[in-house]
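The structure is given below, and queries will be raised subsequently.
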Amino acid sequence: MAASIEPVGDGCSGFQWLEWAYPIRGCCDVHDLGGSDGVLLDCLMANTPEWTWPVVALCVAVMILFRPIYRLFKPKGTAQH
C-alpha cells in the first residue's frame with residue numbers, strides 16, 4: 001500500500017504567510033512528525049535571517065506556552081504532539 005500524502009499535522013499554523021519568503025515548511029513538517037520544539041527552533045533559525053531570530057524564538061515560546069489551549073480546541077482526529 002502506498003504511503004499517504006495527507007498532512008500529518010497542521011504545519012505552520014498561523015505562519016503560512018512566511019513560506020513565500022523563507023523555507024520553513026520542512027521545519028514545521030518535521031515538528032509535526034514528532035520533532036522536538038528545540039529541533040523546530042534550530043531549523044527555523046537556520047532558515048530565517050539573523051535579524052528575525054528574536055521574533056522566531058518568541059513565536060516558538062508562545063507556541064509552547066499556549067499548546068495546552070490549542071490542544072483543547074483543535075478538532076479531534078488530527079495529529080497530536
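Atoms considered below: every heavy atom in the structure, side chains included; atoms not considered: hydrogens, waters and symmetry mates.
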Open item on the list: Can a donor-acceptor pair be found, under 3.5 Å and without considering hydrogens, that links the side chain of W53 to the backbone of T48?
Closed with: yes
- [ ] Before giving the answer on side-chain contact (heavy atoms from CB on, under 4.5 Å), spell out for H31 and D37 the whole-Å C-alpha distance, their side-chain angles and the decisive distance to 0.1 Å.
- [x] CA-CA 7 Å; H31 186 254; D37 296 330; 2.7 Å; yes
Open item on the list: Using 0.5 Å steps for rounding, measure from the SG atom of C43 to the CZ atom of R25.
Closed with: 12.0 Å
- [ ] Measure the spacing between CG of L40 and CE of M63 and express it to the nearest 0.5 Å.
- [x]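 Result: 5.0 Å between the selected atoms.
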Task: From CG (N47) to CG (L18), nearest 0.5 Å - done: 12.0 Å
- [ ] Calculate, to the nearest 0.5 Å, the distance between atoms CG and CG belonging to L33 and D29 respectively.
- [x] 6.5 Å
Task: ILVMFWY cluster, V55 and W20 together (side-chain gap under 4.5 Å) - done: no
TODO: Show the numbers, then the answer: is there a side-chain contact (heavy atoms from CB on, under 4.5 Å) between M45 and T52?
DONE: CA-CA 8 Å; M45 291 178 115; T52 66; over 6 Å; no
TODO: Tell me, please, which residues at least two apart from C59 pass disulfide (SG to SG under 2.5 Å).
DONE: none
Open item on the list: Nearest 0.5 Å, please: how far is SG in C27 from CG in L41?
Closed with: 10.0 Å
